[in-house]
Q: 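A single structure is presented below for examination.
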Amino acid sequence: MTHPRTHAHQATSVADTPDTPGGPGTPDLHTPLTTLHRHLTARLGEAARAWLDQALDEAAAHPGTHGPISPWELRLAEAGRRCGPEHADAVRVLILHAARADTDALTRVYAQGTAAERRAVLHALPHLVSGPEALPLVEDALRTNDTRLLAAAVGPYAARHLAAHHWRHAVLKCLFTGVPVTEVAELDRRARGDAELARMLGDYAAERTAAGRPVPQDLYRVLTLTDPDATPPAPVTPPPPAADHGPSNPDAAPGVDGKES
């Protein structure tokens, strides 16, 4: 694999790179890695740039796994402190790529790492793993309620390899946890004409409505994608809560008649 510090002429314009919610000026982590590196170089201070260059050179010189822990794994832990939290995800992705981390190494980093390091592994998957062998990491992330981890899990790697059943449930998990569906890579392609996804979305909307809860606006967007010719239903506004007139027995302790249990 090409070291991200080489062939910089192949990169697209940094100015055209979209920002992510992770911080101002942070490019999309799925942009070409040469672009990602140039973007960071333009924004990091001198000390942080020197540290990143050293970390990438070290990872390239000692790739893979060496002993109980590789030197580049230690750099992953330092990324936030050395380069700032707004750049840490991108820095970690570059280090993982420079180290040519394979599925075994990525699995170890994911299993032993912090939530931030796990997130970086998920972002790095489309750059490092061509087949479906790293899907267990995506599936594990989708079982959590960490919204940033979920957003990383539904990136290009999941779009490319996640089976339809699991992908549909990932979309529902985003709706349930409030992760914007704009984070779901290739949503338009995978949702188009998916009748089963439409059924699941309808069931979820019906459950929310029956419980007097609002239906996420993102649900209507995805539902429309499943049938481009359909008109999305109007958003449902839940009824106002019933007035609380207090316990029927004013002398009862809270919770006795179920009012405040």
Side-chain angles (χ1 to χ4, degrees), residues 1-4 20-23 26-33 35-37 39-40 52 55-56 58-60 62-163 166-167 170 173-174 177 179 183-186:
M1 294 184 183
T2 304
H3 191 294
T20 65
T26 303
D28 188 312
L29 295 175
H30 307 128
T31 194
L33 294 183
T35 303
L36 191 64
H37 184 263
H39 190 97
L40 284 174
L52 176 59
L56 293 176
E58 186 177 65
H62 303 285
T65 303
H66 299 274
I69 188 168
S70 300
W72 55 265
E73 292 181 62
L74 298 175
R75 303 296 169 255
L76 294 177
E78 298 175 2
R81 177 167 56 86
R82 296 285 191 170
C83 299
E86 70 274 24
H87 300 303
D89 282 0
V91 167
R92 292 185 178 109
V93 169
L94 290 175
I95 293 173
L96 287 168
H97 182 265
R100 302 192 290 280
D102 59 14
T103 303
D104 288 342
L106 292 168
T107 299
R108 185 173 77 173
V109 172
Y110 184 93
Q112 299 177 356
T114 63
E117 289 161 15
R118 290 184 173 195
R119 192 167 61 245
V121 168
L122 294 169
H123 284 307
L125 291 180
H127 299 295
L128 291 169
V129 184
S130 59
E133 54 269 26
L135 275 177
L137 304 184
V138 173
E139 292 165 353
D140 180 83
L142 290 174
R143 288 191 288 268
T144 74
N145 288 318
D146 181 330
T147 55
R148 296 186 70 186
L149 202 61
L150 289 171
V154 292
Y157 187 81
R160 191 181 306 154
H161 298 293
L162 202 60
H166 295 296
W167 184 84
K173 186 68 175 279
C174 288
T177 57
V179 173
E183 298 288 349
V184 182
E186 300 184 40

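What you are looking at is a predicted structure, and each value in this text was computed from that prediction instead of being measured.
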Q: Between SG of C83 and CZ of R75, what distance do you get to the nearest 0.5 Å?
A: 11.5 Å
Q: Does E133 have any salt bridge (charged side-chain N to carboxylate O under 4.0 Å, His left out) partners at least two apart in sequence or in another chain, and if so, which?
A: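 Not a single residue meets the salt bridge (charged side-chain N to carboxylate O under 4.0 Å, His left out) criterion with E133.
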Q: Go through the steps for L52 and H37 under the test side chain to side chain contact (heavy atoms under 4.5 Å, CB included), then give the verdict.
A: CA-CA 10 Å; L52 176 59; H37 184 263; 4.2 Å; yes
Q: Could you report the tightest heavy-atom contact between L149 and A115, atom names first, then the distance?
A: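 Between these two residues, the closest heavy atoms are CD1-O, 4.0 Å.
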Q: Taking the side chain as every heavy atom from C-beta outward, state whether R118 and D140 have any pair of such atoms under 4.5 Å apart.
A: yes
Q: To the nearest 0.5 Å, how far apart are CG in L142 and CG in L137?
A: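 The CG atom of L142 sits 11.0 Å away from the CG atom of L137.
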Q: Could you walk me through whether R119 and T114 pass side chain to side chain contact (heavy atoms under 4.5 Å, CB included), step by step?
A: CA-CA 9 Å; R119 192 167 61 245; T114 63; over 6 Å; no
Q: From the options V154, V138, V184, select the one residue that forms a side chain to side chain contact (heavy atoms under 4.5 Å, CB included) with W167.
A: V184
Q: Taking side chain as C-beta onward, heavy atoms only, is W72 less than 4.5 Å from L96?
A: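 They are in contact (side-chain heavy atoms under 4.5 Å apart), so the answer is yes.
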Q: Quick check for you: to the nearest 0.5 Å, what is the distance between R100 atom CZ and L128 atom CG?
A: 10.5 Å
Q: For a quick test of reading the model, state the closest non-hydrogen atom pair linking A77 to R92 and the distance between them.
A: O-NH2, 4.3 Å
Q: Could you tell me which non-hydrogen atom of P156 sits nearest to which non-hydrogen atom of A185, and how far apart they are?
A: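 For P156 and A185, the tightest heavy-atom pair comes out as N-CB, 3.4 Å.
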Q: Drop me the distance from L150's CG to T177's OG1, to the nearest 0.5 angstrom.
A: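 Going from the CG atom of L150 to the OG1 atom of T177 covers 5.0 Å.
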Q: Find the distance between CZ (R148) and CD (E183) and round it off to the nearest 0.5 Å.
A: 10.0 Å
Q: Enter the distance from H97:NE2 to L36:CG here, rounded to the nearest 0.5 Å.
A: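 So the NE2 of H97 and the CG of L36 are separated by 10.5 Å.
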Q: I'd like to check I95 versus E73 (side-chain heavy atoms, cut-off strictly below 4.5 Å). Are they in contact?
A: no
Q: Got a sec, which pairs hit side-chain hydrogen bond (donor to acceptor under 3.5 Å, both in side chains) with one end in residues 150-161, sequence neighbours left out?
A: none
